[in-house]
Structure formats: structure tokens, C-alpha cells
Amino acid sequence: MPSLGRLHLITDTRPGRDPLAVLRAALPVARTELVVQVRVDDDATDRQAYDLARRVLALCAPYGVPCLVNDRLHVALAVGAAGGHVGADDLPVGAARRVLGAAAVLGATAREPVAATEAVAAGASYLGVGPCHATTTKVGLPAPIGPDGVRAVAEAVAVPVIAIGGVTAASVPALRAAGAYGVAVVGALSGSTDPARATAELVGALTC
């Protein structure tokens, strides 16, 4: 499995957002601390997901930054991504591992220790844990679990825990203290007027 960076940038394809511009700003700042997760809206076509993933992969390659594809594992395979990430309503982790193969990076979503240990046993390389805080990026999410919820999962598994949901540079120290290996962000970068500076602040908080 490729070395896993601590800052996971999830593409924001909502109207008015430019995920590639954000990525171009973040890459030279975060470099190998970055992992890019290509996520598209549910109503996006596979062709749209494929085209975005190809462009993301091309931008990441010179920096040695791994690119993962959320949910659509066939797209991950088609573009030659480093792996994928599955949520609670996607393929089961064991099935996803069989699709991607033993060498791929496979992330899984969890919010409590039992589900987390089951996901790791089924083949998850890392866990996306949250939502840690309230967020408007995605609707229909369960209540935030806070740093204490992150700690409960981190203490139950031996794989990296990536905290997600309303994460900012200011909230990183508490999440790291709770056992998070890193964080995943959407709005903290895509909603910033200066994504390069926001990236630097997040990386600084993660590596201090």
C-alpha cells in the first residue's frame, strides 16, 4: 500500500466549486502529505466521474500523491487509481477488497468501534471516521461524534483513522490528540478564498 498522507482532500463538485483549481493550489503546498479522494454527486454519470478522476490523477502524478475514488470502484480501476473508499451504503468492505485487489488502498467509513473493527477485518486499509463536527457539505448525516467518538474508534483499530466532517485547522489538534492519524476535508479548502494558505494551515496543524 502506498504511504498514506495525513490530509485527504475530497473533491467538491457542487455548483460554483472548482475542484481542479483547489487541487492545483493544494498540491505544491501539501505534496506527499496529501491524498485526493475523487467524489462526485450521486446524479453524476460514470463518464463524468471518469473524466474528473483522470484529470485529478494527471495532476497528482508529478507529486507522487495517491488518488482514490469514492464509491465508484469500477471508475477507480478504469483510471488506474491507487484505490477507493466505500461508505456505509456502498459495497461491503470485503466485496470492495475483492474488486480492487490486495494491493490497493481501501478506505471505509465508520463511526463506532464495532463497525470499525469489522471493516478492518474485512480488508479496510484506513477508516474515515465522523462526522466529527456539524457540516453543510453533505445532507442527511448522523449527529457529530466529536473527538471522543474519534478516540473510541482509534483505540479499537490499528489502521489509520481519518477524521472527517466540519474539520478546520483549529479543530485538528483535538482530533490528533484523540488518535486521528489525519483529516479529510471538503469545505475547508473548496470554500476558502485562499486554498493554498488553508492547505498550509491544515498541514501545519497535522504535522506540528
Side-chain angles (χ1 to χ4, degrees), residues 1-13 19-41 44 46-110 116 119-130 157-164 167 180-186 188-190 195 199 202-203 206-207:
M1 185 183 88
S3 176
L4 196 68
R6 295 184 187 274
L7 178 60
H8 290 223
L9 167 58
I10 300 177
T11 57
D12 190 349
T13 58
L20 295 178
V22 172
L23 179 57
R24 290 188 189 98
L27 276 166
V29 177
R31 304 184 74 88
T32 55
E33 285 294 347
L34 195 66
V35 175
V36 182
Q37 297 184 30
V38 176
R39 186 170 76 187
V40 296
D41 294 336
D46 282 346
R47 181 57 180 267
Q48 289 171 321
Y50 174 79
D51 287 344
L52 176 60
R54 283 189 65 193
R55 296 177 74 182
V56 167
L57 208 65
L59 289 173
C60 290
Y63 295 91
V65 167
C67 170
L68 312 177
V69 177
N70 284 22
D71 308 341
R72 307 190 192 203
L73 302 186
H74 57 301
V75 173
L77 291 172
V79 300
H85 185 102
V86 290
D89 296 325
D90 302 320
L91 279 178
V93 176
R97 174 55 73 194
R98 289 192 293 275
V99 169
L100 291 177
V105 178
L106 175 58
T109 298
V120 173
S125 310
Y126 74 89
L127 297 175
V129 177
V157 298
V159 301
V161 164
I162 305 298
I164 184 172
V167 174
Y181 172 82
V183 299
V185 297
V186 183
L189 292 184
S190 71
T199 299
L202 283 161
V203 172
L206 285 164
T207 56

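Computed over heavy atoms, backbone and side chain alike; hydrogens, waters and symmetry mates excluded.
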Heavy atoms, side chains only, cut-off 4.5 Å: are I164 and V186 in contact? no
What heavy-atom pair brings I162 and A184 nearest, and what distance separates the two atoms? CG2-N, 3.5 Å
Test: ring pair (Phe, Tyr, Trp, His ring centres under 6.0 Å). Region: residues 64-97. Which pairs qualify, not counting sequence neighbours? H85-Y126
For residues 91-101, which side-chain donor-acceptor pairs fall under 3.5 Å, sequence neighbours excluded?
from	atom 1	to	atom 2	distance (Å)
R97	NE	G123	O	3.1
R97	NH1	G101	O	2.8
R97	NH1	A104	O	2.8
R97	NH2	A104	O	3.4
R97	NH2	G123	O	2.8
R97	NH2	S125	OG	3.0

Tell me every residue that passes side chain to side chain donor-acceptor pair (under 3.5 Å) with R72, counting only those two or more places apart in sequence or in another chain. D46
For G84 and L73, work out which heavy atoms get closest and say how close. CA-CD2, 4.2 Å
List in chain and number order the residues that pass side chain to side chain contact (heavy atoms under 4.5 Å, CB included) with D41, two or more places apart in sequence or in another chain; answer none if no residue qualifies. T13, D43
Interatomic distance, NE2@H8 vs CG@L202, rounded to 0.5 Å, equals 12.5 Å
Is it true that R47 and D51 make a salt bridge, defined as a side-chain N closer than 4.0 Å to a carboxylate O? yes
Might you point out which heavy atoms bring A58 and P62 nearest each other, and give the distance in Å? O-CD, 3.2 Å
Side chains of residues 22-36: which donor-acceptor pairs under 3.5 Å do they make with residues two or more places apart or in other chains?
from	atom 1	to	atom 2	distance (Å)
E33	OE1	R6	N	3.3

Atom pair CD1 (I10) and CG (L189), whose distance is rounded to the nearest 0.5 Å: 10.5 Å
Partners meeting side chain to side chain contact (heavy atoms under 4.5 Å, CB included) with A53 (sequence neighbours left out): V38, V69, V75, V79
Residues S190 and D12: closest non-hydrogen pair is OG-OD2, 2.7 Å
Return the minimal non-hydrogen interatomic distance between A76 and G83, and the atom names on each side. CB-O, 3.6 Å
Identify the heavy atoms of P19 and T11 that sit nearest to each other, and give their distance. CB-CB, 3.9 Å
